[in-house]
Amino acid sequence: MKHSVLIVGYGTMGIVHTKKLSAMPDVTVKGAVDIDPRALDEVRAAGMVAYESLEEGLADPEIDLVVISTPNEAHKPIALAALAAGKNVMTEKPAMLDSAELEEVIEAAKASGKVFTVHQNRRWDEDYLVMKKLYDEQTMGPVTYIESRIDGSRGIPGDWRRDPERGGGMVLDWGVHLVDRLLLMVPSPVTRVFARYSYAKGLPVEDGFRIQMSYANGVEALAVCTTNNFIGLPKFHMEAVHGTAQIEDWQMNGKIVRLFDKENDADATPILAGQGMTKTMAPRLIDYAERAKVQDNVEILSIPRIETGMDEFYDNLIASIEGREEPVVQVDSVLRCLRVLEAARQSHETGEAIAFESAD
Ligand SMILES: NC(=O)c1ccc[n+]([C@@H]2O[C@H](COP(=O)([O-])OP(=O)(O)OC[C@H]3O[C@@H](n4cnc5c(N)ncnc54)[C@H](O)[C@@H]3O)[C@@H](O)[C@H]2O)c1
């Protein structure tokens with residue numbers, strides 16, 4: 001089956017999707033719509049059709065997939081118009097500005113019988129996939145705490161992302177990735193959400209956040225985004241009963257430190273630490289240079305590697321349109337994430353922890 005794609009919003013992500021989809025067999029990116037004439041010039045220069053308007057693009061009977069890569073506030077009207085025109089829709093994250101908008105579009109998608117899915121690309125990031133594997137396989141024993149961070153020091157982008165009306169702020173930018181993945185990693189209801197947002201630069205949108213989730217199975221997770229952090233912390237930190245894992249950076253540097261003999265963990269000798277003595281809080285005598293060596297009853301393991309890429313997402317998108325597969329990004333999971341983010345905002349505004357899902 002041949003597929004013809006319309007890109008709506010030919011900016012950074014519009015161009016990324018054009019390249020990925022154009023490389024697929026039986027898929028042609030026929031054209032794009034953009035409100036910026038310079039973007040339309042680029043569309044023509046790339047040999048594609050620059051449609052005068054969204055209506056004109058949607059009226060093209062050859063188009064069967066609409067990809068939405070505009071700023072956030074335009075996702076909903078474009079998705080509704082595309083579904084009403086009988087097109088399949090893939091939208092950029094955040095799927096919509098809030099859960100009410102997303103519910104409306106999910107209903108419209110159900111009524112149309114067309115595919116509606118979301119580009120949650122960070123579900124394919126290697127650091128997340130590795131941490132999920134350590135969680136699932138209990139490599140360090142049962143997990144107790146997970147911290148997932150993205151740290152920057154350049155403030156937030158100076159475009160529409162600074163405008164609350166346009167869906168700006170770091171929660172809809174990175175929160176929809178970090179919280180989304182923590183929800184998938186821990187298969188348990190989220191009973192409580194507590195959050196603090198930061199406004200270090202005095203903008204009308206948050207430039208950072210700390211969102212803590214308590215799960216019914218006892219796991220605690222913290223999603224952090226900073227934009228004024230000049231010494232970044234590890235991207236993932238996972239504590240389990242018998243060990244700890246960290247992934248420091250995009251290059252996948254990191255380690256797993258885990259008990260070598262968990263039945264006979266020797267008592268530590270008291271040491272002078274600062275102006276006092278400590279025994280149980282004494283650090284393990286780890287020589288990180290000698291990674292494999294067993295020291296003070298701990299072993300140091302390398303972070304496993306997983307080959308990953310976005311091909312699965314695009315292949316699945318086409319397979320879903322052809323009715324061969326269900327979309328790998330199910331919109332219900334995206335809706336749950338937006339609801340957590342709404343609880344997080346409520347928590348930030350009230351200063352209180354918000355009860356979320358029931359434990360059973
Ligand atoms: N998944 C990811 O990793 C990722 C990364 C960056 C951005 N995004 C998302 O992609 C979307 C676009 O971000 P970007 O960085 O590509 O933005 P961008 O500013 O680079 O591009 C947006 C384009 O949309 C056009 N546009 C604006 N309003 C429009 C409208 N009503 N109709 C048609 N065109 C319109 C603009 O002129 C611009 O060309 C956002 O929703 C953003 O959150 C996702």
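FYI, side chains are in, hydrogens and waters are out, and symmetry mates aren't considered; it's all heavy atoms of this structure. Each ligand, and each atom within it, is numbered from 1 in the order the structure gives. Residues: numbered from 1 along the sequence shown.
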Report summary line: Quick look: E73 vs ligand 1, heavy-atom contacts under 4.0 Å, and the answer is neither
Report task. Select the closest option to atom 25 (C) of ligand 1 among D34, I35, V118, V16, judged by heavy-atom distance. Result -> D34
Query raised in the report: Are L341 and V224 connected in the hydrophobic side-chain network, where two residues link if heavy atoms are under 4.5 Å apart?
Result: no
Query raised in the report: Is it the side chain, the backbone, both or neither of Y10 that has a heavy atom closer than 4.0 Å to ligand 1?
Result: backbone
Report summary line: If you scan protein heavy atoms around atom 13 (O) of ligand 1, the nearest is W160 CZ2, 3.6 Å
Report task. For residues K133 and T139, report the shortest heavy-atom separation together with the two atoms involved. Result -> O-OG1, 4.5 Å
Query - Nearest candidate to atom 11 (C) of ligand 1, where distance is taken over non-hydrogen atoms, out of D173, T70, V8, L172 - result: T70
Requested in this report: Check if H75 has a non-hydrogen atom at a distance under 4.0 Å from any atom of ligand 1.
Outcome: yes
Query raised in the report: Any idea how Y314 and H119 line up, ring-wise: parallel (<30°), tilted (30 to 60°), or perpendicular (>60°)?
Result: tilted
Requested in this report: Give a yes or no on whether V176 and I106 share a hydrophobic cluster (residues Ile, Leu, Val, Met, Phe, Trp, Tyr; joining criterion: side-chain heavy atoms under 4.5 Å apart).
Outcome: yes
Query raised in the report: How close does the nearest protein non-hydrogen atom get to atom 43 (O) of ligand 1, and which residue and atom is it?
Result: K93 O, 2.9 Å
Query raised in the report: Any heavy atom of P94 sitting closer than 4.0 Å to ligand 1?
Result: yes
Query raised in the report: Salt bridge check: are D265 and R284 linked by an N-O gap of less than 4.0 Å?
Result: yes
Requested in this report: May I ask whether R161 has any heavy atom positioned less than 4.0 angstrom from an atom of ligand 1?
Outcome: yes
Query - For H237, the option from E248, Q246, E147, R149 that meets side-chain hydrogen bond (donor to acceptor under 3.5 Å, both in side chains) - result: Q246
Query raised in the report: Do you know which two heavy atoms are closest between G254 and I303, and how far apart they sit?
Result: C-CG1, 3.5 Å
Report task. Please write down residue, atom name and distance for the protein heavy atom closest to atom 16 (O) of ligand 1. Result -> M13 N, 2.9 Å
